[in-house]
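These numbers were taken from a predicted model, which means no experiment stands behind them. Note on naming: letters A, B, ... go to the chains in the order of the sequence lines (proteins, then strands), and numbering restarts at 1 for each one.
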Amino acid sequence: MRIGYPCINRTIGCRSDRTFRLKSYSEELLMETVQNNLDCLWKILEFNVRHNLLFFRITSDLVPFASHPICRFNWQAYFNSKFRRIGTFIKANSIRISMHPDQFTLINSIDNSIFERSLSELVYHAEVLDSMGLDSSAKIQIHVGGVYGDKKESMERFVKRVERIPQAVARRLVVENDDRNYTLRDCIDLSNETELPVLFDVFHHEVNNLGETLGEAFSMFYRTWKPRDGIPMVDYSSPRLEGRKGSHAESIDMKRLGRFLEETRNYDFDLMLEIKDKEKSALKAVESVRRDGRFQRIIIARQDSTPFKVI
DNA sequence: TCACGTCAAGCAGAT
DNA sequence: ATCTGCTTGACGTGA
């Protein structure tokens, strides 16, 4: 098991998701921004390794407007050596990487042009991971998409559209259950059709399920992952106790996490903690899990030259 | 320096 | 009709 957090580090004082307005687009500004973002990503990954946080979601804003028609810049070539260096660091330290395109990426849209734009966005995400030389265990997680008034038809459209996605991109795709439209069961059904692994979101499942227990849910999604996909990924967040339902808590509830880990102790998986305070909660979780002798399977970084050890 | 209107993109549910 | 959340506020103009 590796533990990680998404996109942003609030401790080290740089951002890898800096962007700018489309109106102010220029090649110079793009180059400068990507330079900054890659430098910051490097610093975040170094921080993560020092703190045994070996699962990280790379922001979709790493290369702003990369999939927009305005971008004619060959950022892959220009930043090639930087991407390779980061990728080498990731592999040397056994860091697991994911990406999560935003809500505008809709494979199953009724509107074919939205699908085409979404495909460009997915190609961009895959190119980031390709540029780093990462294998197919580096995943791009997507939701099924909209319902458009007919769920069955929208799921069939999802399957047909996935068949049109190039293998270089599709090999990285994983489909995640969401909190309103598509349950874990739906994702499993789609996985059977498309062979895409299912990324299990614990919180989404709690608010949108067909009555499966946590154990049943794990046995369902777990077998959708093949060896080439790496260890299954799980998204975990604590719901905010007061206020709007569906929003995320500011900090992690360690007791709740402890119960979750206890219930799932027979499975090995990489755990993404989607908590507002990001690396702070992830650190608490790593320390807690390390102290707890029952959990023997967390991967922690070595601080010397050898890449990692399993305790 | 700071306030604040606005920002590439879509959907669904609440108000 | 308009607003809000989604994984997340921050860009950048105008004063």
Subject >> Nearest-angstrom distance from the residue atom CD1 of Ile107(A) to P of dG10(B) >> reply: 16 Å

Original post:
Any donor-acceptor pair under 3.5 Å linking the side chain of Arg2(A) with the backbone of Asp270(A)?
Top reply: no

**OP:** Quickly work out the Asp277(A) CG to dT8(C) P distance and round it to whole Å.
**Re:** 11 Å

**OP:** Take atom P in dT7(C) and the same atom in dG13(B), then report the distance between them in whole Å.
**Re:** 15 Å

**OP:** Take atom C1' in dC6(C) and the same atom in dA9(B), then report the distance between them in whole Å.
**Re:** 13 Å

Original post:
If only side-chain N and O atoms of His204(A) are considered, is one of them under 4.0 Å from the OP1 or OP2 phosphate oxygen of dT7(C)?
Top reply: yes

Subject >> Under the side chain to side chain contact (heavy atoms under 4.5 Å, CB included) test, residues paired with Leu210(A) that sit two or more places apart >> reply: Thr183(A), Arg185(A), Glu212(A)

**OP:** Between dG14(C) and dA8(B), how far apart are the P atoms? Round to whole Å, please.
**Re:** 16 Å

Subject >> Length of the line joining Ile58(A):CD1 and dT7(C):P, which is rounded to integer Å >> reply: 18 Å

Original post:
Do Tyr236(A) and Phe203(A) have their ring centres less than 6.0 Å from each other?
Top reply: no

**OP:** Could you tell me whether Tyr222(A) and Phe200(A) have their ring centroids closer than 6.0 angstrom?
**Re:** no

**OP:** Mark this stacking check for Phe104(A) against dA9(B) as yes or no, applying ring centres under 5.5 Å and ring planes under 30°.
**Re:** yes

Original post:
Do the side-chain N or O atoms of Thr59(A) get closer than 4.0 angstrom to the phosphate oxygens (OP1, OP2) of dT7(C)?
Top reply: no

**OP:** Classify the angle between the aromatic ring planes of Phe218(A) and Tyr267(A) as parallel (below 30°), tilted (30 to 60°) or perpendicular (above 60°).
**Re:** tilted

Original post:
Is the backbone N or O of Phe260(A) less than 3.5 Å from a side-chain atom of Thr264(A), with the two atoms forming a donor-acceptor pair by type?
Top reply: yes

Original post:
Centroid-to-centroid, Phe65(A) to Trp75(A), below 6.0 Å?
Top reply: no

Original post:
With sugar-phosphate meaning primed atoms plus P, OP1 and OP2, does Thr19(A) contact a base, only sugar-phosphate, or nothing at under 4.0 Å between heavy atoms?
Top reply: sugar-phosphate

Subject >> Secondary-structure string, 5' to 3', Watson-Crick or G-U under 3.5 Å, | for another-strand partners, for DNA chain C >> reply: ||||||..|||||||

**OP:** Send over the distance from Asp179(A) CG to dC6(C) P, rounded to a whole Å.
**Re:** 8 Å

Subject >> Minimum-distance pair of heavy atoms, taken over all atoms of Tyr25(A) and Arg72(A) >> reply: OH-N, 4.1 Å

Original post:
Rounded to the Å, how far apart are Met99(A) CE and dT8(C) P?
Top reply: 16 Å

**OP:** Kindly say if Arg18(A) contacts the phosphate of dC11(C), meaning a side-chain N or O under 4.0 Å from OP1 or OP2.
**Re:** no

Original post:
Would you find a donor on one side and an acceptor on the other, under 3.5 Å apart, between the side chain of Asp178(A) and the backbone of Asn181(A)?
Top reply: yes

Using a 3.5 Å cut-off and no angle test, enumerate the donor-acceptor pairs between side-chain atoms of residues 226-235 of chain A and protein atoms at least two apart in sequence or in another chain.
unit_1	atom_1	unit_2	atom_2	d
Asp229(A)	OD1	Lys139(A)	NZ	2.8
Asp229(A)	OD2	Lys226(A)	N	2.9
Asp235(A)	OD2	Arg57(A)	NH2	3.2
Asp235(A)	OD2	Gln141(A)	NE2	2.9

Subject >> Nearest-Å distance for atom pair CD1/P, residues Ile8(A) and dG9(C) >> reply: 6 Å

Subject >> Inter-nucleotide C1' distance (dT4(C), dG9(C)), Å rounded >> reply: 14 Å

Original post:
What is the distance, rounded to the nearest whole Å, between atom CG of Asp17(A) and atom P of dG9(C)?
Top reply: 10 Å

Subject >> Nearest-angstrom distance from the residue atom CD of Gln103(A) to C1' of dA12(B) >> reply: 12 Å

Subject >> Selection from dT7(C), dT8(C), dA12(B) that lies nearest to any side-chain heavy atom of Asp102(A) >> reply: dT7(C)

Original post:
Is the backbone of Asp277(A) close enough, under 3.5 Å, to the side chain of Ser281(A) for a donor and an acceptor to pair up by distance?
Top reply: no

Original post:
Is any side-chain N or O of His143(A) closer than 4.0 Å to OP1 or OP2 of dC11(B)?
Top reply: no

Original post:
If the P atom of dT8(C) is compared with that of dA3(B), how far apart are they to the nearest Å?
Top reply: 25 Å

Original post:
Which is true for Asp235(A) with a 4.0 Å heavy-atom rule: it touches a base, it touches only sugar-phosphate, or it touches nothing?
Top reply: nothing

**OP:** Check DNA chain B against residues 24-48 of chain A and give the residues with a non-hydrogen atom under 4.0 Å, in numerical order.
**Re:** none

Original post:
Among dA9(B), dA10(C), dG10(B), which is the nearest nucleotide to the side chain of Arg15(A)?
Top reply: dA10(C)

Subject >> Under 4.0 Å protein heavy-atom contacts per nucleotide of nucleotides 2-8 of chain B, with B for base, S for backbone only and - for none >> reply: ----BBB

Subject >> Nearest-neighbour nucleotide for the Ser109(A) side chain, dG9(C), dC11(B), dT7(C) considered >> reply: dC11(B)

Original post:
Backbone N or O of Pro6(A) within a donor-acceptor pair of the Lys278(A) side chain at under 3.5 Å?
Top reply: yes

**OP:** If you link ILVMFWY side chains whenever their heavy atoms are less than 4.5 Å apart, which other residues fall into the same cluster as Phe104(A)? By chain and number, please.
**Re:** none

